[in-house]
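Scroll down for the structure; my scribbles are underneath it.
Every chain is numbered from 1, with letters handed out A, B, ... down the list of sequences.
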Amino acid sequence: MNVRTRFAPSPTGFMHVGNLRTALYAWLWARKNGGSFILRIEDTDQARLVEGAEETVYRTLKTAGMDWDEGPDVGGEYGPYVQSCRKNMYLPYAEQLVRSGHAYYCFCTKEELDERRAAVEAEGGAFKYDKHCLNMSREEVERRIAEGRPYVIRQNVPADGEASFDDAIFGHISVSCSELDDMILIKADGMPTYNFANVIDDHTMAITHVLRGMEYLSSTPKYNLLYDAFGWEKPTYVHLTTIMRDATHKLSKRDGDATFEDLIKLGYLPEAIINYLALVGWSPGDEREFFTMNELIQAFSLEGLSKSPAIFDHNKLRWMNAEYIRRMDAEAYIERALPELKTAGVGAMAETAEAKELFVRILQPRTEVFSDIAGIVDFLARLDEGYSVELFTNKKSRTNPEVCRSVLNAVIPMLEALPDWTENALHDSLLGFAEAAGMKNGTVLWPVRIAMSGRTVTPGGAIEIAALLGRNEALRRLKLGLSKLDAER
RNA sequence: GGCCCCGUGGUCAAGCGGUCAAGACACCGCCCUUUCACGGCGGUAACAGGAGUUCGAUUCUCCUCGGGGUCACCA
């Protein structure tokens with residue numbers, strides 16, 4: 001079988017990660033089977049169009065590493081790929097259903113319907129269209145159409161019997177026809193509804209596997225009535241579980257959950273996001289966790305798809321992103337980190353090859369997300385001189401104000417006399433002093449690092465920081481630290 | 001509310017009648033160490049509840065409970 005899958009977003013805004021995962025699974029399934037992945041834009045709701053949303057879809061898919069064989073921008077044999085451009089294709093199919101008795105014209109206005117709905121709901125009932133226009137004579141229908149009265153075309157759902165379909169992961173789903181409403185196929189503006197356009201498009205585009213969100217699970221039996229009415233072969237349905245923010249809320253842009261592009265801006269790597277996302281709701285069945293796109297294509301299977309919703313775990317995404325960052329080579333890392341260093345105001349410190357290497361060494365194992373960097377290194381650009389003298393006291397390093405004062409008093413002139421301000425020289429000098437003084441390394445290095453950073457937690461240690469700061473600034477900070485200690489006496 | 005779907009540690013998730021119920025994230029402890037991080041080692045922690053079926057249920061069935069979805073001229 002020539003597998004054809006599609007991703008059919010409506011251009012109503014940004015692409016959240018749930019959508020992206022749907023696209024990913026559809027893409028993987030097509031690629032795994034040597035089939036085609038089709039991009040289709042579902043813009044039948046003219047009121048909800050959002051400027052630029054289509055480009056966002058293209059951009060997101062591309063940076064996520066997915067390509068498409070057919071779509072609005074690349075064309076294809078089954079075009080057009082934008083539903084509004086296919087507008088004229090749907091009506092004939094709807095009329096065919098009218099002729100075969102599977103659909104009918106309806107002249108009830110939205111206002112009338114709202115009224116009836118309100119009345120029924122006021123009594124606690126669930127409104128269902130009452131087939132009010134079903135038995136209108138042909139002549140009457142034609143007369144009204146000739147008068148120019150607005151109308152819709154509705155599906156004529158049988159009064160009884162079962163509607164059902166088979167889902168690749170949920171199995172047989174069956175619902176009684178009496179539960180089903182006569183859904184609108186063609187709207188008053190002549191546009192098809194999503195429900196109808198979907199059936200027509202999936203069929204005319206020869207889609208073999210429909211991967212889409214869970215929210216369509218309960219309406220799919222209705223679609224199948226349509227397939228049966230046309231006598232068409234049904235695609236394989238694969239309904240994907242929802243990605244949740246927590247146990248009771250799904251992820252949504254509206255509630256401030258990050259979109260794919262938000263995550264990219266925050267400094268997440270596309271490969272890490274995709275890798276993580278693939279694992280939310282799908283398992284390869286073994287213990288592997290790291291996948292390249294090609295490995296995902298190999299490993300992907302419908303059987304590995306989960307039936308229950310999954311909560312999006314930012315924590316784990318962060319961890320996975322950190323893993324990807326650690327695996328970058330130094331060159332790629334510094335290229336990505338440099339802009340962050342610049343915004344932190346330490347770009348000038350990262351100009352030489354040695355300095356770059358040093359930054360990579362201290363930063364790469366500590367970077368979970370690139371946007372973290374600025375906050376980690378900003379102290380290098382500017383010392384917050386108001387730091388508390390209490391920072392000098394650290395039990396594990398066996399320091400107290402008295403010890404720190406004497407260390408700094410000894411170390412400042414020693415470093416001033418250092419011929420070369422290099423990591424090696426600083427290392428030998430500082431550790432040599434510790435040994436000579438019979439102190440733990442930490443006892444010497446702690447006050448030096450605190451004075452130079454004003455922080456208890458820093459990337460790298462005293463030696464690295466001193467090297468980065470350079471002789472003048474490092475000594476200035478050491479002297480400042482000493483004077484703070486003296487002032488406390 | 002009707003209908004549909006789901007229910008293994010805090011989270012992801014393996015399991016598909018017989019397991020001491022994997023693994024990962026997070027958390028905790030220890031080691032390494034120039035703080036933190038990285039790395040190494042170890043630990044806490046789960047089959048929602050109740051009936052069945054069966055020699056035997058996490059696994060099959062039913063009920064309860066919990067959660068989600070859906071009931072638009074939105075997709």
Surrounding CG of A:D160 (heavy atoms of other residues, nucleotides or ligands, distance under 6.0 Å), is the total greater than 12?
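Incorrect, the count does not exceed 12.
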For the CD atom on A:E215, are there more than 12 heavy atoms of other groups (residues, nucleotides or ligands in this structure) within a distance under 6.0 Å?
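Enclosed.
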Base, sugar-phosphate, or nothing for [X], non-hydrogen atoms under 4.0 angstrom?
X      : result
A:C177 : nothing
A:A310 : sugar-phosphate
A:N195 : base
A:T458 : base
A:T44  : sugar-phosphate
A:Y276 : nothing
A:T456 : base
A:V175 : sugar-phosphate
A:S174 : sugar-phosphate
A:G460 : base

Is it the case that the base of B:A24 and the side chain of A:K316 share a donor-acceptor contact (distance under 3.5 Å, atom types as modelled)?
yes
Is there a donor and acceptor pair, one atom on the side chain of A:R449 and one on the base of B:U35, closer than 3.5 Å?
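Yes, the side chain and the base share a sub-3.5 Å donor-acceptor pair.
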Closest non-hydrogen atoms of A:T44 and A:P192, given as atom of the first, atom of the second and distance, are CB-O, 3.4 Å
Toward the 5' end of RNA chain B, which comes first, A:E289 or A:E323, by nearest nucleotide?
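Here A:E289 is the residue nearer the 5' end.
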Does OP1 or OP2 of [N] have a side-chain N or O of [X] closer than 4.0 Å?
X      : N     : answer
A:R326 : B:G39 : yes
A:S306 : B:C6  : no
A:N315 : B:C25 : no
A:R117 : B:A72 : yes
A:K307 : B:C6  : yes
A:K187 : B:C74 : yes

Taking only the [atom1] atom of each, what is the distance from [N] to [M] in whole angstrom?
N     : M     : atom1 : value
B:A72 : B:U61 : P     : 32 Å
B:U59 : B:G17 : P     : 11 Å
B:U11 : B:C65 : P     : 22 Å
B:U58 : B:C47 : C1'   : 5 Å
B:A21 : B:C4  : C1'   : 31 Å
B:G1  : B:G10 : P     : 28 Å
B:G69 : B:C30 : P     : 44 Å
B:G40 : B:C20 : C1'   : 26 Å

Among the nucleotides [options], which one has an atom lying closest to any side-chain atom of [X]?
X      : options             : answer
A:M214 : B:C5, B:U35, B:C25  : B:C5
A:A462 : B:U34, B:U35, B:A24 : B:U34
A:I173 : B:C4, B:A75, B:A13  : B:C4
A:E179 : B:G10, B:G7, B:C3   : B:C3
A:K396 : B:G2, B:U33, B:A75  : B:U33
A:V457 : B:U34, B:C6, B:C36  : B:C36
A:E287 : B:C25, B:G23, B:C6  : B:G23
A:F170 : B:G68, B:C25, B:C6  : B:C6

Which nucleotide, if any, forms a Watson-Crick or G-U wobble pair with [N], using both distances under 3.5 Å?
N     : value
B:C41 : B:G29
B:U19 : none
B:A46 : none
B:G66 : B:C6
B:C71 : B:G1
B:C36 : none
B:A51 : B:U61

Inter-residue atom distance A:R144.CZ - A:Y151.OH, 0.5 Å rounding:
13.5 Å
Rounded distance (nearest 0.5 Å) linking atom NE2 of A:H132 with atom CZ of A:R116:
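One finds 5.0 Å between NE2 of A:H132 and CZ of A:R116.
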A:D182 bridged to A:K222 by N-O distance under 4.0 Å
no
Decide whether a cation-pi geometry holds between A:R154 and A:Y129; the criteria are a distance under 6.0 Å from NZ or CZ to the six-membered ring centre and an angle within 45° of the ring axis.
yes
Here's one to test your reading of the geometry: is the NZ or CZ of A:K484 within 45 degrees of the ring axis of A:Y387 and under 6.0 Å from its centre?
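Yes, A:K484 and A:Y387 form such a contact.
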Taking the six-membered ring for Trp, are A:F300 and A:F291 closer than 6.0 Å centroid to centroid?
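Ring centroids of A:F300 and A:F291 are no less than 6.0 Å from each other.
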